[in-house]
Amino acid sequence: MSRDLLDRIDQRTRLAGHNRLALLLFRLGSRQLFGVNVFKVQEVIPRPPLFTLPQLPPAFAGAADVRGRTVPVLDLARAVGHAAPAGSPEPPYLVVTEFNRTVQGFLVSGVERIVNIAVEDIQPPPDLGGECHYLTGVTRFHGELIQLLDVESVLAESAPRATEIAGVQPLAISGDVPREVLVVDDSRVARNQIRQLLDQLGLNATLLSDGRQALDHLVQLAESGTPPDRRYAMVISDIEMPAMDGYTLTTEIRRAPALRGLHVLLHTSLSGVFNHAMVERVGADDFVPKYSERELASRIEARISALQRARAA
């Protein structure tokens, strides 16, 4: 079943840039249905034997040998507070994922199918605290509620990464160069990471959680008489988001005369050369995979330097 399921992923690439999202649906310890972007999924396999590694964080169930590669394995239900009652069978499937330049596996109770969802049908998660902060959105398929997991947030809390931010130096900014950056990302973790980096660089951040919010904000700025490219040095946008994805946001920015001067950097946890082709197709200025403070900082610095040269010319 899982091989046929994953073989269809290539057929979904045509959805990107059309404001649609392909989700792999799965269940955790309870009957609740969850979804994750299929572009983050490498394969789904029966649960392999797990072994221990001394360097693994306590939240991990162990590691698995997947095609000759050691993959850290997280019990996803336990990590997000949906663990099965005591005495329940162990989760029988491993979803192997790749994002943020790392490969990891998530144990799940059941794998359902891949579905196509219109991004505008994905709503923000309810603000109820608890495990809701692991969600980027909610939607329905055939009447059943689907919760979209922020796997970046889950991984960040289960395996905190060493930050490079201390090595980033503040920028020397002069003249009337904008000192504000519009950050658009549905992941709470990603927004905070970028805000901290911008603080370190001496820049201000406006944070929004989806492309629709960002487009409405930029249009309202333009209609009020404030040129968006005079307020913002650049836009840093995620690609996969509810309401409007980053590809569509970039396309709309390029279509609008009052917005097309904005510098757009797409910033995504998704891996693969496919992203680079889409970046060119929608007219983005730059693309950086998540997450390296130094690499993102270097792109921001290059943009500020280019603005300063243009202002001085």
Side-chain angles (χ1 to χ4, degrees), residues 1-48 64 66-67 71 73-84 88-99 103-125 131-132 134-155 186-187 239-243 245 247-248 268-272 274-275:
M1 177 187 70
S2 61
R3 186 66 265 160
D4 291 339
L5 191 68
L6 271 297
D7 282 345
R8 298 204 305 271
I9 289 179
D10 287 341
Q11 302 172 17
R12 310 299 182 178
T13 58
R14 68 175 66 96
L15 300 177
H18 295 280
N19 218 33
R20 298 186 67 84
L21 187 62
L23 298 174
L24 173 67
L25 303 186
F26 58 90
R27 298 186 190 274
L28 298 181
S30 66
R31 295 180 56 83
Q32 176 59 51
L33 193 61
F34 292 88
V36 65
N37 191 329
V38 294
F39 291 117
K40 293 181 177 178
V41 177
Q42 287 192 341
E43 58 182 327
V44 178
I45 59 176
R47 177 190 177 123
V66 180
R67 307 188 192 283
V71 175
V73 174
L74 188 68
D75 186 329
L76 194 52
R78 191 163 35 191
V80 302
H82 277 264
S88 299
E90 294 288 341
Y93 295 103
L94 183 68
V95 179
V96 182
T97 66
E98 181 179 5
F99 58 91
V103 176
Q104 51 280 311
F106 295 115
L107 292 173
V108 301
S109 299
V111 178
E112 299 281 319
R113 58 188 297 182
I114 291 173
V115 298
N116 300 336
I117 300 292
V119 173
E120 59 265 25
D121 292 337
I122 300 174
Q123 303 300 318
E131 68 265 19
C132 286
Y134 290 124
L135 304 180
T136 59
V138 295
T139 189
R140 289 189 176 274
F141 183 76
H142 290 170
E144 187 169 6
L145 180 70
I146 301 171
Q147 298 184 9
L148 276 61
L149 271 182
D150 182 357
V151 285
E152 296 171 54
S153 179
V154 175
L155 192 63
D186 63 339
S187 170
I239 289 178
E240 48 158 350
M241 298 180 289
D245 64 35
Y247 291 136
T248 306
T268 179
S269 60
L270 302 179
S271 302
F274 172 75
N275 292 309

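From a predicted model like this one, the values you see are computed outputs, not experimental measurements.
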Chemist: Please determine whether side chain to side chain contact (heavy atoms under 4.5 Å, CB included) holds for the pair R113 and F141, giving the CA-CA distance in whole Å, both sets of side-chain angles, and the decisive distance to 0.1 Å.
Modeler: CA-CA 11 Å; R113 58 188 297 182; F141 183 76; 3.6 Å; yes
Chemist: Could you pull out the closest heavy-atom pair between I117 and D121, with the gap in Å?
Modeler: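 Residues I117 and D121, closest heavy atoms: CG2-CB, 4.4 Å.
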Chemist: Compare every heavy atom of K40 with every heavy atom of V36, then report the nearest pair and how far apart it is.
Modeler: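 Nearest pair, atom of V36 first, then K40: CG2-CD, 4.4 Å.
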Chemist: D150: what forms a salt bridge (Lys or Arg N to Asp or Glu O under 4.0 Å) with it, not counting sequence neighbours?
Modeler: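 Listed in chain order: nothing, the list is empty.
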Chemist: Mind checking the CZ-CD1 spacing from F34 to I146? Nearest 0.5 Å is all I need.
Modeler: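 Output value for this atom pair is 11.5 Å.
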Chemist: In Å, rounded to the nearest 0.5 Å, how long is the span from CG of N37 to CG of L23?
Modeler: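 The CG atom of N37 sits 7.0 Å away from the CG atom of L23.
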Chemist: Give me the atom names and distance for the closest heavy-atom approach of L21 to V119.
Modeler: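 That would be N-CG2, 4.1 Å.
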Chemist: With sequence neighbours excluded, what pairs up with R140 under the salt bridge (Lys or Arg N to Asp or Glu O under 4.0 Å) test?
Modeler: none
Chemist: Work out which heavy atom in P124 is nearest to a heavy atom in V138; give both atom names and the distance.
Modeler: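 Looking at all heavy atoms of both residues, the shortest contact is O-CG2, 3.9 Å.
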Chemist: Passes side chain to side chain contact (heavy atoms under 4.5 Å, CB included), L149 versus L135? Steps please.
Modeler: CA-CA 5 Å; L149 271 182; L135 304 180; 3.9 Å; yes
Chemist: Only counting residues at least two apart or in another chain, list the ones meeting side chain to side chain contact (heavy atoms under 4.5 Å, CB included) with V71.
Modeler: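 If we apply the side chain to side chain contact (heavy atoms under 4.5 Å, CB included) test to V71, skipping adjacent residues, the hits are V66, R69, V103.
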Chemist: Flag the pair V44 / L24 as yes when at least one side-chain heavy-atom distance between them is below 4.5 Å, and no otherwise.
Modeler: yes
Chemist: Which pair of non-hydrogen atoms, one from N116 and one from A22, has the smallest distance, and what is that distance?
Modeler: OD1-CB, 4.1 Å
Chemist: Suppose we screen for side chain to side chain contact (heavy atoms under 4.5 Å, CB included). Which residues come up paired with P92, at least two apart in sequence or across chains?
Modeler: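 Testing P92 for side chain to side chain contact (heavy atoms under 4.5 Å, CB included), a comparison that skips the adjacent residues, returns none.
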Chemist: Show your working on side chain to side chain contact (heavy atoms under 4.5 Å, CB included) between L74 and Q104 and close with a plain yes or no.
Modeler: CA-CA 8 Å; L74 188 68; Q104 51 280 311; over 6 Å; no
Chemist: Looking only at non-hydrogen atoms, find the nearest pair between S109 and L28 and report the distance.
Modeler: OG-O, 2.9 Å
Chemist: Do L94 and L107 have side chains that approach each other closer than 4.5 Å (heavy atoms only, starting at C-beta)?
Modeler: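 Sidechains of L107 and L94: in contact.
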Chemist: What is the distance from atom CG of D186 to atom CD of E152, rounded to the nearest 0.5 Å?
Modeler: 7.5 Å
Chemist: Going through the distances and angles, do L76 and F26 end up as a side chain to side chain contact (heavy atoms under 4.5 Å, CB included)?
Modeler: CA-CA 11 Å; L76 194 52; F26 58 90; 3.7 Å; yes
Chemist: Taking only residues two or more places apart in sequence or in another chain, which ones pass side chain to side chain contact (heavy atoms under 4.5 Å, CB included) with E144?
Modeler: R27, L33
Chemist: Run the side chain to side chain donor-acceptor pair (under 3.5 Å) test against Q123 and tell me which residues pass, sequence neighbours left out.
Modeler: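 Applying side chain to side chain donor-acceptor pair (under 3.5 Å) to Q123 gives none.
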